[in-house]
Each structure stands twice: as structure tokens, then as C-alpha cells.
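Before I ask anything, let me first share the structure, which is written out below as C-alpha cells.
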Amino acid sequence: MKRVRAVVIGAAETTELGEIPDSSQVQLHADAALNALNDAGLKVRDVDGIATAGENPITIAQYLGIEPDWIDGTSVGGCSFMMHVRHSVASILSGLCTTVLITHGESGKSRVPPPEWPWPPRPGSYEGQFEAPFGAMGPPDLLTMPVLRYLSDYNVPLEDLAMVPVIQREWAAMNPKAWFKEPITVEQVLESKMIAYPFTLFMCCPRTDGGGALVITTEERANDLPGQEVYILGAGESGETMLISQMQDFTSSRAFRASAAKAFGEAGIERNDVDHLMLYDAFAHLPIFGLEDLGFCEKGQAPEFIRERNTAPGGKLPVNTNGGGLSYMHSGMYGMYAMQESIRQVRGVAAAQVPNVGISVAHGIGGMFSASGTVIFSKAPS
Amino acid sequence: MNVTSEKFLPIITPETEHFWEGTRQEELRLQECKSCGLTYFPPRPFCPDCSSKSISVVIGSGKAKLYSYVISHLPSPGFKPPFSIAVVELSEGPRMMTNIVECPQTPEVLVLDMPLVVVYEERSDNITVPLFKPHEEIA
């Protein structure tokens, strides 16, 4: 397969993150987009491709003043932005466009206007007929459903699940932009309000406002621009099911495994080449599934790997160094923020900077283990 | 339509009609592929494994075991939290989402792999949903 030679030339989040009641969702997209173009040293008129999820890409293009001849509206949940990167790279390399702007904005907390939320589903859909009738109200009691099976099959105590937000809070404490910064303990996590057993409040992400944007272009064009390029060595995507009850194996995501295999295969790197890892964590179990399904841990071993502080500050595989969706921010579709932190780490400008990050992997989930996207970022071209 | 529940009401589609007609008659109707032998759910008029359109409707035993679940503490129309939302594995193989009923909604009682049997909850004239309760007999 052809080696990828497209780069991220611009990357930025919204000027504010957290609670932004004076910006509508479309304006959050635009604020992030203008910040990312500024980072790249490009103008709106330099953009010929637009990709977004959660809003119609034409809405964003028109609002910004872009006349796109390449459009990607893939919207399959929070990992859609990883897929946009993959699609952008392929399209740029095949000459369909030269400079793609990928935007995300979500008024998840202030709800200006309330985001379209895929739950409750249409009553005539398969989700509406075969899942919604049983009282689930969204991700907290659907995306969490596989966990008891995982914990039971691998004999993992609840304390290990509670350790995930505890360690990510250590990273968040180093990040002034994090929504939650106060240290927490396993006991506090387990004693926090019960949401959907076994998940307590501190095992679930907050809902916040924010956005982020990326500018992807060719290596050649990037050489003439002031932005600091980050190479995209490989990317993958996959989908499994919109019905979590039909997920093949409740202890492992087929979509995670397939997406990661594509990305690592394309990049031609091994797991031990990875210096830094972002694992989309709307809930505490996702980094556990991520570590195992991406091949960083054997099945059932990720809880111990986390407990032994391998993913913590000072550990051999720093994970979710912005604090993650659990502590940093979570607007609803978090994938963009995972990539922003990967890019900051590769550029060497993160709040909790890990020394010498050459390669960072950002891995996302869409829906209820419905879809997955993975992007491998690098300081060097290969 | 006489609505008897404030719980979520599905809308039946042509491909799922046999299933909902079955639950109204207290039958758990699955589908079986005549080409490859797979018993499957949710409904569709072809086999999800081999795409054969040679399929038949079969009546499931109604026996299952508990595959995984959560106990929701969130407000949900028609439900009184805490209540279980579960995925069960039918003895014929397929899995489905449901509620475990007629037992305390606690982790001590809801043990993975416990044997279950189907019961039916009528929500309107045309919608009856399959729920599951603990089955004394050990599977």
C-alpha cells in the first residue's frame, strides 16, 4: 500500500473550552476553524475541502465562506473526525483536493441549540424496536452494558475500573484547561453517585462546550507554510453494529481491532514504537478495551497495566495526557480532542508534555461500540 | 391504539411483523436459515451470515441466560429506577436486549449466566415486549 505523505498543518481548539453559553454550535465550529487556519498560516480561501460531523458540512462551509469541491459528512459518532482524517489523506493523495478543513463544535453543556442526539431513536428503527423499549436513555446505560461481562470473564475487581478516572485525573491536574483538576481516589470514585451499575458518576464523562479543527494538506504545500507539520503515518476505520446487544463479543470491540490493524499496517510500525496514546474515554472502560484491542495489552491484562501506573505520569505508555474525556472535556463527540492532544504531544507543546514524543496514536469510538477510527501521528515522515 | 404504558413504544416495520405478532401470542419468534442452519435475531428476510433468502420463522424456547447488564439509576419514562437493562443469550444462540423482572434489581441477585425464561409485557394493542425472569431450573 502507498505510504501516506499527507500532513496536519493546522490544529486548534476553540478559544474557550468548558462552558460557552455565548456561542452557538456553528460558531464553535467556526472559532476552532479560524484558530486552526491561523495556526497553519492559511486563509479560508485556501481551503478546498470540508469535513464535519454533527452539522451538515455545507452549513459550516457557507458560514465560514468556503466554496468546497470536496465534502465529507461522515457522521457515525465521536470517531467520525478520525475517519475524516483518513478520507482527507486518501483524497489529497489522489488529487481530489489539496487542503481539507475538518471541524468539530458541540454545545454539549449550554445546548445552543440543543444538539441532535441519537437517542431516543426513531420508533421504527431497529434500535427503536429492539433496544429503546427497555428503558435505556443513552450512552450511560448502553455503552456501559458490556462491562460486567468483561469484569466477570477476566475476574477484574470494580476497583480496577475505578482506577481509570483516578489516573487520568493525575494528568488533568497538570492541564489548566481541564474541566476537572482535583485529585480523586478509588474510594471516591466508587462512592460517587450511582448512574448505571457498575458505573458511578466519576466513571462517566462530563458534558461540556467546545470545538476543534484540523487542516490537512500535502507535505509539499506544508513546507511553504509557517505551521508545524505533523505527519500522518497511517489511519484505519471500521464499524460493527448500531445495536450494542448485537456486538459480537462483550469483552472486545471488533471495530476497534479492525481499525487499529488497518492503521498500524499502513504505518508499518509496531506497538512498542508508540510513545503516546489517546484512547477515547467517554466512560472508564474504554481505555481498557482500547489498550487490549489495539494490541498494547493481552486480553484481560489492561486493568493491571493501568493499576501498575504504566499509563500514568512517568509511566512507559502515557495515555490520555490531557485528562481524557473523563476529566479534560467531553462535548459529546470527543474524537477531535483526542487528536488535538496527540498533535500537541508530537509538536512538543502539550500542557502535560511527555518527553520526546515521536509517534502518537489517537483512537476513537463512535456510538455504542458502533464504529471506530484510528490515526497515527508522527514527528518524522516515516 | 389503546396505549397501556408510558414506556417507549416501537413502531412495527414489514420485516419485523412476524416477531411482534409472535409476542402478542406469547411466542418468541426467531428466524432460521434453511441454507446454512443459522438461527438469528433481530429479524430480516435473509440470512445475515450467508444472505440466503430461504428462511423460516421458528418459535424459540424462551429460555436464556444472562450475558451482561447494567442497573440504571437514571429517570426513564415508565420505569422505576433502579431497574436492570440486560442482554440475554437465548438457548438458540441469538442475543437480545431486555429487562430482568420479577426479582430484586441488585448485583447479588443478578448473576451472569443465571438461567432465565421469557415473560411478556403488554404495552398497547399491538406491542407486547419480551422480558425475562429468573428460571428455577439450572440450565
| Looking only at heavy atoms, what is the nearest atom pair of A:Gln129 and B:Thr16, with distance? | OE1-OG1, 2.7 Å
| message | Please check if the number of heavy atoms outside A:Met247 that lie under 6.0 Å from its CE is greater than 12. | response | yes
| A:Lys262, NZ: over 12 other non-hydrogen atoms inside 6.0 angstrom | no
| field | Partner residues of B:Tyr40 under the ring pair (Phe, Tyr, Trp, His ring centres under 6.0 Å) criterion, sequence neighbours left out | value | none
| Is the A:Phe130 to B:Phe19 ring centre distance short of 6.0 Å? | yes
| task | Go through the structure and list residues passing ring pair (Phe, Tyr, Trp, His ring centres under 6.0 Å) with B:Phe79, not counting sequence neighbours. | result | B:Phe83
| message | Below 4.5 Å, heavy-atom pairs only: which of B:Leu131, B:Val129, B:Leu74, B:Ile12 has the largest tally toward chain A? | response | B:Leu74
| request: Please tell me if the side chains of A:Ile195 and B:His73 come closer than 4.5 Å, counting only heavy atoms from C-beta onward. | output: no
| Side chain, backbone, both or neither: which part of A:Phe250 has a heavy atom under 4.5 Å from chain B? | both
| request: Give, for atom OH of B:Tyr69 and atom CE of A:Met145, the distance between the pair rounded to the nearest 0.5 Å. | output: 11.5 Å
| field | Atom CD of A:Glu298 with >12 non-hydrogen neighbours under 6.0 angstrom | value | no
| query | Heavy atoms, side chains only, cut-off 4.5 Å: are B:Pro75 and A:Met137 in contact? | reply | no
| task | Any ring-ring contact (aromatic ring centres under 6.0 Å, His included) involving residues 185-210 of chain A? Give me the pairs, sequence neighbours left out, ordered by first then second residue. | result | A:Phe199-A:His285
| request: Please confirm whether the backbone N or O of A:Phe134 pairs with a side-chain atom of B:Asn99, one donor and one acceptor, at under 3.5 Å? | output: yes
| query | chain A heavy atoms under 4.5 Å from B:Leu66: which part of the residue, side chain, backbone, both or neither? | reply | backbone
| field | Donor-acceptor pair, side chain of B:Ser72 and main chain of A:Ala196, under 3.5 angstrom | value | no
| query | Just checking heavy atoms, which of residues 84-97 of chain B are less than 4.5 Å from chain A? | reply | B:Ile85, B:Ala86, B:Val87, B:Arg95, B:Met96, B:Met97
| query | Under 6.0 Å from the CD atom of A:Glu182, do we count more than 12 heavy atoms belonging to anything else shown? | reply | no
| Top contributor to chain A contacts, counting heavy-atom pairs under 4.5 Å, from B:Pro43, B:Pro77, B:Pro82 | B:Pro43
| Taking atom CG of B:Leu112 and atom CG of A:Asp153, what is their separation to the nearest 0.5 Å? | 8.0 Å
| query | Are the side chains of B:Leu9 and A:Pro133 in touch, meaning some heavy atoms are under 4.5 Å apart? | reply | no
| query | Does any heavy atom of chain B fall under 4.5 Å from the side chain of A:Gln248, the backbone, both, or neither of them? | reply | backbone
| query | For A:Gly135 and B:Ser76, which heavy atoms make the closest approach, and how far apart are they? | reply | O-OG, 2.8 Å
| field | Heavy atoms of other groups near B:Lys133 NZ, more than 12 under 6.0 Å | value | no
| From OG (A:Ser152) to OH (B:Tyr67), nearest 0.5 Å | 10.5 Å
| Taking B:Val70 as the fixed residue, which of A:Val147, A:Thr144, A:Leu143, A:Leu142 is the one that meets the side chain to side chain contact (heavy atoms under 4.5 Å, CB included) rule? | A:Thr144
